[in-house]
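Worksheet: one structure, shown below.
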Amino acid sequence: MSEQQRSALTPEGRGDHLARLRATTAENPLDVLVVGGGVNGAGAAFDAATRGLSVGLVESHDWASGTSSRSSKLMHGGLRYLQMLDFKLVAEALRERDLLLEHTAPHLVKPIKFVFPFFKKVIDRGFIGSGVMLYDAMQSLGRKRAVPFHRHLLHDKMLEVFPALDGDKAVGALEYYDAQMDDARFVMMLVRSAAQLDASVANYTTVVDYLHEGERVVGARVRDEESGEEFDVRARHVILAGGVWTQEQQELAGADGGLEVLASKGIHVTVARDRIPAVPDTGIITQTEKSVLFIIPWDEYWVIGTTDTPWTQDPRDVGATSDDIDYVLEHANAVLKDHLTREDVIGVYSGLRPLLQPVKKGSDTGSTKVSREHTVMQVEPGLSAIAGGKYTTYRVMAEDVVDFAIKDTEPGRPSLTRSVPVIGAQGYQALVRDKAAIGRRIGADEIRMDRLLFRYGSLLTDLLALIDEDPSLATPLEHAPRYLRAEVVYAARAEGARHLADVLERRTRLDYETRDRGVAAADEVAALLAPELGWDEAAARAEVDAYRGYIEARLAGEATASDAEAASRVAAAAEVPARG
């Protein structure tokens, strides 16, 4: 089997991966079992696999179904952390961002330009300007720059670059560069990269207990959520990358202590691109009383966020409230000339940041004061946990936790992820050069080709092979013309999608890219998935009904006034059908 074939997360392949996990024994364990399929878990699995270790990765839901698919979609240094004097975190994030842009993931990460408006001519230009000057200087230390240097914009030039800004309020601006990515796709590509290196990976596989020999954790008992079967997975080292579920998993393992994680809710709204005129690929960053607000260009719409508020409900039931949406619109309108209304909102998504809690329980410290530097800790012998950090530093976090887990048993196996690209990077530039010819071949314009290359990189050749086999797959979806029918089929055949919601929310992003949240496309997408995933008519109908009910619950939550009310609405409807 070729590396490319091993990387494909096929329906049949899932059974093979489960069989390999099931076949582990006390005499023949995995070197590393990773629990949690977000960016930190996927990154750790990829890191361990590059070292030649035998690796397993399990996730109770879909890849990136939690925090890792609900971010601001930025690979950035974190300009605001300079205000907190967190120079180490910013420098580390900038190094990692540039590595992704230039070597390991140029197909998944691309530069983006931001305008930071000034409202006090002298104070802001001096304060913000000095901060961005330092930000840029940190990118130039010992390496070639991956993005252009910042520049100051006088009032008229600012409005030329971003005409939607309120010129009566903003007196000038500063323009600088960072990078963006599709978070859910990035995680899925990391999982495929680990699988390409022979890791055994399985989504919809829940850890129900941890195995012990004396005081040492020697693996986990897992349940396949599709069949209901439970079995043991033996491993020399278990790595917990549970995000906001870290403490729940530590308790399941029977640990007396461990990492303390504070859940902080962040929500984003999307609005149509034509509602906010600007130069292409240019966004806005502005400070709020709690954090920062981004207005981020993304495809044919804008992503605007975020909030930063403590979440005390069940992490599974996170949802936005009406007040959250109003807060984001209010702060966007504070800098925009033409104000946005609720009618402009196309979609809403919400997630929980897993922030390390640096103070004792019971303290009244707000979540915005919590550091985002990561920590690795031995929870029990044989069980290591990682939490904190930020998306951009996932590779460093993965390297640190694998180093920590194997330090006594495999000290001579260094991480290779600084040099090994994420799948889809190799051969990407050649496809970029050929994109016009490819577009003519499948009837796609430049905008669609850029979108396809940003989603698939060199794996676009796999999608083209599907279209060669069945030209009808080059047809756009009727109710979601941003995507081709081939992309739905490929999601099932190669990207590990197991349910309709996996495709509508994470392989595509229709739950916030369309006003109906993907409901109109549900029947067509389900019909394409059914033969791939072995659904009969009743199963396909159950998938559609579950998704519609889930979206109705989210919309109901967005009309509420409190987190408790929003959570109760979201909890009332499952994203996927109950196991038959």
Atom pairs and distances, side-chain donor-acceptor, residues 26-35, under 3.5 Å, sequence neighbours left out:
residue	atom	partner	partner atom	Å
D31	OD1	R236	NH1	2.7
D31	OD2	S54	N	2.8
D31	OD2	S54	OG	3.1

Exercise. With sequence neighbours left out, what residues match W302 under ring-ring contact (aromatic ring centres under 6.0 Å, His included)?
Worked result: F162

For this session: Kindly indicate whether a cation-pi arrangement holds for R185 with Y456, taking the cut-offs as under 6.0 Å to the six-membered ring centre and within 45° of the axis.
Result: yes

For this session: Measure the shortest side-chain to side-chain distance between H237 and T409 over non-hydrogen atoms and say whether it is less than 4.5 angstrom.
Result: yes

For this session: Scan E225, E59, E226, E495 and name whichever one has a salt bridge (charged side-chain N to carboxylate O under 4.0 Å, His left out) with R14.
Result: E226

Exercise. Is there a donor in the side chain of H76 and an acceptor in the side chain of Q180, or the other way round, less than 3.5 Å apart?
Worked result: no

For this session: Side-chain contact test, heavy atoms from C-beta onward, threshold under 4.5 Å: evaluate it for F231 versus L18 and give yes or no.
Result: yes

For this session: Using the side-chain contact (heavy atoms from CB on, under 4.5 Å) rule, pick out the option among T417, V187, L100, D47 that qualifies with Y394.
Result: L100

For this session: Inspect the contact between R353 and D308 and indicate whether a charged nitrogen and a carboxylate oxygen are less than 4.0 angstrom apart.
Result: yes

For this session: Classify the side-chain pair S72/H268 by whether it contains a donor and acceptor separated by less than 3.5 Å.
Result: yes

For this session: Could you walk me through whether E399 and R395 pass salt bridge (charged side-chain N to carboxylate O under 4.0 Å, His left out), step by step?
Result: CA-CA 6 Å; E399 181 177 348; R395 193 202 63 80; 3.0 Å; yes

Problem set entry | Side chains of Y210 and L252 in contact at under 4.5 Å (non-hydrogen atoms) | yes

Exercise. According to the interplanar angle, ranging from 0 to 90°, do the rings of H499 and Y204 count as parallel (below 30°), tilted (30 to 60°) or perpendicular (above 60°)?
Worked result: perpendicular

For this session: Measure the shortest side-chain to side-chain distance between V401 and I239 over non-hydrogen atoms and say whether it is less than 4.5 angstrom.
Result: yes

Exercise. For R97 and Q139, does a side-chain donor sit closer than 3.5 Å to a side-chain acceptor?
Worked result: yes

Exercise. For D183 and S71, what are the C-alpha separation, side-chain angles and deciding distance, and is it a side-chain hydrogen bond (donor to acceptor under 3.5 Å, both in side chains)?
Worked result: CA-CA 7 Å; D183 47 12; S71 73; 2.8 Å; yes

Exercise. Relative to Y428, does K435 satisfy both conditions: NZ or CZ under 6.0 angstrom from the six-membered ring centre, and within 45 degrees of the ring's axis?
Worked result: no

For this session: Mind running salt bridge (charged side-chain N to carboxylate O under 4.0 Å, His left out) on E300 and R451 for me, showing each step along the way?
Result: CA-CA 11 Å; E300 297 172 19; R451 183 184 296 139; 2.9 Å; yes

Cut-off 3.5 Å, no hydrogens considered: what does the side-chain donor-acceptor table look like for residues 418-425, sequence neighbours left out?
residue	atom	partner	partner atom	Å
S419	OG	L416	O	3.1

For this session: Please confirm whether Y176 and F149 have ring centers closer than 6.0 angstrom.
Result: no

For this session: Take the angle between the ring planes of Y391 and F186 and call it parallel below 30°, perpendicular above 60°, tilted in between.
Result: perpendicular

Problem set entry | Heavy-atom pair with the smallest gap, counting every atom of V218 and E213 | CG2-CG, 3.9 Å

Exercise. Can D224 and T205 be counted as having a side-chain donor-acceptor contact under 3.5 angstrom?
Worked result: no

Problem set entry | Side-chain donor-acceptor pair present, R234, T24, cut-off under 3.5 Å | no

Seminar exercise, completed: Heavy atoms of F404 and M377 approach each other most closely as CE2-C, 3.8 Å

Exercise. Quick one: does Q250's side chain get under 4.5 Å of T246's, heavy atoms only?
Worked result: yes

